[in-house]
Amino acid sequence: MNRRNFMGFGVLAMATLPSVLSAIESIDFRKTKPDTWTAKTVQDAIKALYGDIKPEESGVKVKAPKVASNGGAVPVTIKSDVPAKTVAFFQNMNPESAVAVWNVPEDGIVDYFVKIKLKATDENGGNGELTAVVEGKDGKFYIGKTKLQVAKGGCEG
Amino acid sequence: MGNMKIKAKEKNGVVGVKVLIKHDMLTYDQAKKKGTEANFITHITGKVGDKIVYDASTSQFLSKNPMIKFKFKGKKGDELTMSWVDLSGKSVTESKKIK
């Protein structure tokens with residue numbers, strides 16, 4: 001369906017022909033990229049998901065509290081204005097690094113909020129880094145990071 | 001009402017969604033301590049009609065009773081349908097009208 005038809009049908013088309021307009025289908029990255037979820041480091045997880053990529057350090061924002069008092073539920077927001085195909089979210093405090101991979105719908109808005117678990121241990125001293133990678137529709141990759149401190153002794157990790 | 005608390009509100013053509021899901025999100029480590037099987041949500045999908053508006057594959061590191069928020073281009077009066085699946089294969093689907 002081209003742009004002109006789309007405009008012509010307008011709202012009616014949106015309501016009646018959603019299956020034609022939405023080319024994308026649900027993707028289960030746990031099935032398509034199983035190694036992503038067992039990778040211990042952020043680098044390995046990114047490699048398992050996207051291959052050997054050299055992401056640009058721009059265009060992606062990861063927002064989290066500088067100091068999280070409860071490692072059981074740390075609020076994180078990932079934002080990007082890059083027209084995206086997929087978004088992947090990793091951290092370096094838990095035994096494995098992958099948290100979530102989003103399959104961005106056609107004309108989707110990348111503004112994702114999740115609450116996550118981060119485990120403060122003696123090894124990491126409560127210091128962690130959150131990493132988000134955006135796979136753009138232009139075929140390029142973009143990366144954003146933020147550091148944070150998680151208080152030890154929070155309820156479960 | 002059941003498992004999910006869904007709020008969906010349209011403003012200037014963009015729908016802001018907030019979803020709270022009741023789930024233990026038991027990690028492998030926690031399950032080991034408790035002597036049970038790990039079980040956590042592995043996939044969350046949001047749809048309006050047949051159109052996917054949210055599609056996330058997730059790991060054990062979402063918080064217990066996870067909360068998600070997202071935005072998409074949509075309109076008032078449409079019905080947003082959220083579903084999740086967990087490791088045990090259980091799945092829950094609930095709908096909410098966009099305000």
Side-chain angles (χ1 to χ4, degrees), chain A residues 11 14-33 36-38 45 70-77 79 86-91 93-119 155-157, chain B residues 12-21 23-34 38 40-79 81 83-87 91:
Chain A
V11 178
M14 295 277 281
T16 53
L17 298 168
S19 55
V20 179
L21 291 169
S22 62
I24 75 139
E25 290 182 7
S26 177
I27 301 172
D28 187 348
F29 289 98
R30 298 186 67 91
K31 288 207 179 85
T32 59
K33 303 278 181 185
T36 307
W37 308 90
T38 50
N70 177 7
V74 182
V76 182
T77 304
K79 275 189 185 185
T86 63
V87 178
F89 175 32
F90 309 98
Q91 46 65 43
M93 297 183 79
N94 295 332
E96 293 90 27
S97 81
V99 178
V101 181
W102 289 273
N103 168 33
V104 182
E106 202 63 43
D107 75 19
I109 300 167
V110 178
D111 187 342
Y112 294 136
F113 171 96
V114 278
K115 277 192 181 169
I116 65 165
K117 280 178 274 207
L118 289 170
K119 194 169 189 179
C155 57
E156 54 196 321
Chain B
N12 300 328
V14 174
V15 181
V17 184
K18 187 171 160 183
V19 184
L20 253 169
I21 303 170
H23 200 287
D24 276 345
M25 295 298 291
L26 212 57
T27 67
Y28 291 108
D29 284 357
Q30 289 165 347
K32 216 178 185 180
K33 269 184 220 160
K34 289 187 181 170
F40 50 87
I41 291 171
T42 56
H43 205 103
I44 307 171
T45 315
K47 279 183 175 181
V48 174
D50 287 340
K51 192 181 179 186
I52 294 173
V53 296
Y54 187 82
D55 194 33
S57 306
T58 54
S59 81
Q60 52 179 331
F61 303 124
L62 294 194
S63 69
K64 184 179 172 179
N65 299 329
M67 184 206 276
I68 58 163
K69 288 188 213 170
F70 63 96
K71 289 176 182 164
F72 68 94
K73 288 171 189 155
K75 63 179 201 303
K76 224 173 260 191
D78 279 353
E79 196 154 71
T81 303
S83 327
W84 58 257
V85 182
D86 71 14
L87 208 60
S91 108

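On a predicted model such as this, the values are computed, not experimentally measured, just so you know.
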So, for B:Phe61 and B:Phe40, is the gap between ring centers shorter than 6.0 Å? no
Just so I understand: if I count every heavy-atom pair under 4.5 Å between each of B:Ile44, B:Val53, B:Val17 and chain A, which residue has the most? B:Val53
Take A:Thr36 and A:Phe90, measure what side chain to side chain contact (heavy atoms under 4.5 Å, CB included) needs, and give me the verdict at the end. CA-CA 10 Å; A:Thr36 307; A:Phe90 309 98; 4.2 Å; yes
Under 4.5 Å from any heavy atom of chain B - which part of A:Ala73: both
Might you work through the side chain to side chain donor-acceptor pair (under 3.5 Å) test for A:Asn103 and A:Thr86, ending with a clear yes or no? CA-CA 5 Å; A:Asn103 168 33; A:Thr86 63; over 6 Å; no
Engaged part of A:Gln91 at the chain B interface, taking heavy atoms whose separation is under 4.5 Å: side chain
Decide yes or no on side chain to side chain donor-acceptor pair (under 3.5 Å) for B:Asp86 and B:His23, but give the supporting numbers first. CA-CA 9 Å; B:Asp86 71 14; B:His23 200 287; 3.0 Å; yes
So for B:Thr58, is it side chain, backbone, both, or neither that comes closer than 4.5 Å to the heavy atoms of chain A? both
Give the member of A:Asp107, A:Val99, A:Val110, A:Val114 that has the highest number of heavy-atom pairs under 4.5 Å with chain B. A:Val99
Let me know if A:Pro95 has heavy atoms under 4.5 Å from chain B in its side chain, its backbone, both or neither. both
After noting the C-alpha distance and the side-chain angles of B:Gln30 and B:Gln60, does the key distance pass the side chain to side chain donor-acceptor pair (under 3.5 Å) rule? CA-CA 10 Å; B:Gln30 289 165 347; B:Gln60 52 179 331; over 6 Å; no
Side chain, backbone, both or neither: which part of B:Val14 has a non-hydrogen atom closer than 4.5 Å to chain A? side chain
Options B:His43, B:Lys33, B:Lys18, B:Lys47, ranked by heavy-atom pairs under 4.5 Å with chain A, top entry: B:His43
Taking the six-membered ring for Trp, are B:Phe70 and B:Tyr54 closer than 6.0 Å centroid to centroid? yes
Checking B:Asp29 against chain A: side chain, backbone, both or neither under 4.5 Å from a heavy atom? side chain
If the plane angle is over 60° it's perpendicular, under 30° parallel, otherwise tilted; pick one for A:Phe89 and A:Trp102. parallel
